[in-house]
Structure formats: structure tokens, C-alpha cells
There are 2 protein chains.
Amino acid sequence: MSQTVDRALSILPLLAEGPANLEQVATRLGVHKSTALRLLRTLHEHGMVYRQQDQRYRLGARLFALAQEAVENLDVREIAHPHLVGLNEKCGHTVHLAVYEENEVLYIDKVESRYPVRMYSRIGKPVAITVAAVAKLLLADLPEPERRTVVERLDYPLYTSRSTSGPAAFLTELATVREQGWASDLGGHEESINCIGAPIRGADGRVIAACSVSAPNVVVTSEELLTLLPLVRHTADAISREYSGKHH
Amino acid sequence: MSQTVDRALSILPLLAEGPANLEQVATRLGVHKSTALRLLRTLHEHGMVYRQQDQRYRLGARLFALAQEAVENLDVREIAHPHLVGLNEKCGHTVHLAVYEENEVLYIDKVESRYPVRMYSRIGKPVAITVAAVAKLLLADLPEPERRTVVERLDYPLYTSRSTSGPAAFLTELATVREQGWASDLGGHEESINCIGAPIRGADGRVIAACSVSAPNVVVTSEELLTLLPLVRHTADAISREYSGKHH
DNA sequence: AATGAGTGTTGCAGTATATGCAACAGATTG
DNA sequence: CAATCTGTTGCATATACTGCAACACTCATT
């Protein structure tokens, strides 16, 4: 592993917390000012950091552009999008598409609810991995040894009284999800928000993504939301079929 | 400038074009396989790249997360958001917020149109800098020497027959915009989409951001859109006031 | 105006560190 | 079972990164 690159990349999350000047960056990296300066210059030339008027550094524009292109290159996303829009048109609620990657589950697409009360989330944002329906679907399909290590390494924040309590509970929940082929999150993240999801599979049957429908209690009860399950699964299956077709 | 970091960062835009394997990366970088491998490993440890099942590398999740945090740390955005929502509630059209940074203008916030016909754009995406109303507003306020160099270095794609034709035309347009304190784009990017915008100023009067309202012809004519101008300017001024207030 | 503190920048010498090589491993193909 | 292709590892070399110290610049303070 390259020390120089390692140091340079460590600057980015540091700046994500907020703007910082040269000295702050140097101390937090544990290197000499001049070293930090040269790293920042290189990052700057690549547009990864930006220097504002007060000389402090911030994360730069290229970062957005890259994240942008990255998300647009995901072909599941491209195939899934029209289906998600269709799902939203039928039920009116917020629709999400998510993938698993390196111990994180993140939203890669979203269609906004047509109801006035909406849920906060944003493309690119990691989801609450221990409670979200999409996270359960994606983790449930990991090969056994990996699933166990991931699950044990997670934190289990108690967002609400119905949040997953710990590794053991999560593993049984994942088993259920794998069994039944769909997942739900009934108030585990936000007390008043329920969510149901279904897996999208590649040609080999592995789960490559998951989609879900979320709605607050004030709009539909969890029972009513569950009646949408066939629709959600149907959508996920349609995406799976199209994805598998185009990939062979 | 650091060679190693430079090479490592050059990998990212390369991967943005699509997944690539080790050898492809090595050749395009002009380095030995083993060198490329070590760079990729470092990028991988930081979550900037991801290795998919077929061993090829793609851009990684951390990139999204970083871009995410970066956008959320922009305090103009935070202050502006409720105003933008209010503007959207009053007119129903797509509302954008944009900033200038290092030869690019990018959207940092967006409120979707409430009409079924929507315009394509996404937060983080660089705008069509030679035609967009927000771009005109931001460039118009650059100090004279910089404005000239930027304008002359740009490409002028002819999206439509009404696109800005070249540096000279753009400079006069910018002068007008500076003079009148607002900007429009009438079918310069997409034949059927019009757009009007107004500047958001910091305490010192410099333009720090710009907001705009966009709507397709089929929803409102350009004349009708222009009647919204006072509303847009009013919103921008309100944001300016609040921003200046909170910064002293 | 002058002093001083604080921060960013540059040239340089030494050596840590990245590099390319070549040999190896593993997978896929004929 | 060779042959080919791609990724991985250990190692010797010297390149390129580092820290230092001196310098430049801005901004307060007297």
C-alpha cells in the first residue's frame, strides 16, 4: 500500500467534516506542513479539493462529478429506473433502489413520494444497515461466513424501540428474510415510517440489488402497506428478468 | 506535486468511464502492473474504488458518501433550502440552486417540479455553463480578468439555435446580466425549456450562489415564466439577507 | 511605523518509499 | 495437460517524498 496516497486520501474524509486550513490538515495527518501542502496541491489539481477565499480547503467539485458518473454507470440502476417510476405511479409512495458494497448498503436511486409527507433520504447515502428493509435483503444473501463477520462487526443503534437489538437478533431476522424472499422495516428506523422491500437477482440468482417502498404511518398503516407486497415483488422480479436478459 | 498521488487520482476519472481491470489501468496510466496494483489497493482501502466479482475495478461507495457530506456542509445550501421549497410551492416549477467553483457551475440543490413534465438535472452535475441562467449570474460577477480568461477558455456547444455562440456574445450577455441583476435562458439548452434566475449575494455584495426556476414550454410560455421574475428575485434577496445576517 | 504572531511557501539534503523487474500463482482455454 | 492470460509477491535500485529551516506574507497590536 502506498503511504503517500494513503495520506492524501485521508485528507478527504477530514475535509468532509468541514473546511480546514493547512496547519490543521498537517497536524491531523501527523505530517509536516510542507508535506500536507504538497498533498493538498495534488488533490487540488485533480479538483478533489477546493480552496475558498479564506485560504481554507474544502472538498471540491470533481468529487461530485465523479460520484455522479459512478452512479450513472451502474447498469442495474439504468434498467431498474423505469420500473421504479412505474411502481411509484401505482402506489404513490417513496421508492428506493439500493446495493451492497463493502460493508455498506447505499441508495442508488429514488423516486419521491407523491404525498406531501416525505421521508428524508438521498442517493449515495448509506442506509441504516441494521434496520432498513433493503439492507436486510442484501445482507441476507451474502455467503454464510461473510454474512456472519459483517453482522458481528456492525453497530446496533437503537433508533426506536423496534430497532434490531444486536447480531443474534439480526441473524435470525436475515434467515427469515432469506426464507420468505422479502423484507420489511416496521418503524425500526423512524417510529412512524414503515417500509417493505424485495430482492433483485442476477442471472445466477444472487441478490444484486433491492428495491423498497416506504411510507409514513400518517399516510398508510403498516397493514395497508403490506398489501402492496405483491406489487413490490412483481416489480423486483421484472427488473431481475430484464437485468438477466441483458447480461447474457 | 506528488507523482504517486497524481497517478492514483488519475485512476478515478478513468474508472468513471466504466469498469476496468488491472492491466487496462496500468497501460492507461503508463506504469507497471504491480505499481497500478498497489495504487488500486490503496484506493480500495479508502473505499474509493470497488472490486466487482469479475475482478474489475469500479468507483467505490466512499465517493458517494464524500460528495454527500460535501454538499451538506455548504451553508448557503442549508439556508437557501426552505426558501427554495417556498418558491416551488408558489410557482410549482423546478427550482435550482447553483454555485461556481473552479471553472464549473454546479447544482447543489433542487426542488422538483410539481408538473408531470420534468426537466433532467441532478445535484452535483455541472450545468451547461455557456447557456444556463445560473451560470450567467455566477460568471457575470467574477472579477474582470478572471471572467475574461474563463469565458475564452470555454467550449460553446450549439445545443440549440439559441445557444450562446462564442466568447464575444457571451461577454456581452454577461454584461447585460450584471446590469439588470437577473438572467434567463430561453431555449438555449433544450429547445423547449425556459429558465429565469437571480443572484444570491454575500455580505460584501459578491455573488456566492444563484437560484433559478425552469419550466418547459408545454407548461408555461416564456412570457408567462418571465412574470415570475419578481418572485424569483424576491426569493434570492431573502436568501442573501439571511446568509449575510448569519455570517457576522 | 514597527514589532510580532500566525500561516503559507520554497530549496535542499537524506533516506524512506515507490518503482519495475522477474518469477510465481491461479484461472481459463484449446 | 500444455498454453495463455491476468493478477500477485519479493527484492534491489534509485526515484521521489519527507522534514527541516529559512523565507514571504498578512494581519494585529503597540
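So that the names make sense, note that chain A is the first sequence line, chain B the second, and so on, each numbered from 1.
Between Gln52(B) and Asp54(B), the side chains place a donor N or O and an acceptor N or O closer than 3.5 Å (distance only, hydrogens not considered). In the model, Asp109(B) has no side-chain atom that pairs as donor or acceptor with a side-chain atom of His96(B) under 3.5 Å. For the residue pair Ser34(B) / Arg38(B), a side-chain donor-acceptor distance below 3.5 Å is found, with atom types taken as modelled. Judged by distance alone, the side chains of Tyr57(B) and Arg51(B) do bring a donor and an acceptor atom under 3.5 Å apart.
Take Pro157(B) and apply the side chain to side chain contact (heavy atoms under 4.5 Å, CB included) test, not counting sequence neighbours, and it matches Thr130(B), Asp155(B), Tyr159(B). The side chain to side chain donor-acceptor pair (under 3.5 Å) search around Arg178(A) returns none, not counting sequence neighbours. Glu144(B) is linked by a side chain to side chain contact (heavy atoms under 4.5 Å, CB included) to Arg147(B), Arg148(B), counting only residues two or more places apart in sequence or in another chain.
From Leu84(B), atom CG reaches atom CD1 of Ile79(B) across 11.5 Å, with rounding to the nearest 0.5 Å. Taking CG of Leu15(B) as the reference point, atom CZ of Arg28(B) lies at 9.0 Å (rounded to 0.5 Å). Atom CZ of Arg56(B) sits about 13.0 Å away from atom CG of Leu22(B), to the nearest 0.5 Å.
To the nearest angstrom, P of dT9(C) lies 11 Å from NE2 of His44(A). Between the CG atom of Leu40(A) and the P atom of dG8(C) there is a distance of 10 Å, rounded to whole Å. Taking atom CG on Leu39(A) and atom C1' on dA16(D), their separation rounds to 13 Å, with Å as the unit. For the pair Leu29(A) CG and dT18(D) C1', the interatomic distance rounds to 13 Å; values are reported in whole Å. Here the C1' atom of nucleotide dC17(D) and the CZ atom of Arg7(A) are 9 Å apart, to the nearest Å. In this structure, Gln3(B) atom CD and dA18(C) atom P are separated by 11 Å, rounded to whole Å.
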**Fill in**
For nucleotides 4-11 of chain D, 5' to 3', base contacts (B), sugar-phosphate-only contacts (S) and non-contacts (-) with protein non-hydrogen atoms under 4.0 Å give --SBBBB-
Anything under 3.5 Å between a protein N or O and an N or O of nucleotides 28-30 of chain C, put it in a table, one pair a line.
none

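Distances shown here put every side-chain N or O of Ser2(B) at or beyond 4.0 Å from the OP1 or OP2 atom of dA16(D).
Of the residues listed (Leu37(A), Leu39(A), Leu43(A)), the one engaging Arg41(A) in a side-chain contact (heavy atoms from CB on, under 4.5 Å) is Leu37(A), and it is the only one.
A rotation axis mapping the C1' atoms of four pairs onto the next four is fitted at both ends of the helix from dA1(C)-dT30(D) to dG30(C)-dC1(D) over five pairs, and the angle between these axes is 40° to 10 degrees.
Distances were taken from every side-chain heavy atom of Thr35(A) (C-beta onward) to each of dT17(C), dG19(D), dT19(C); the shortest belongs to dG19(D).
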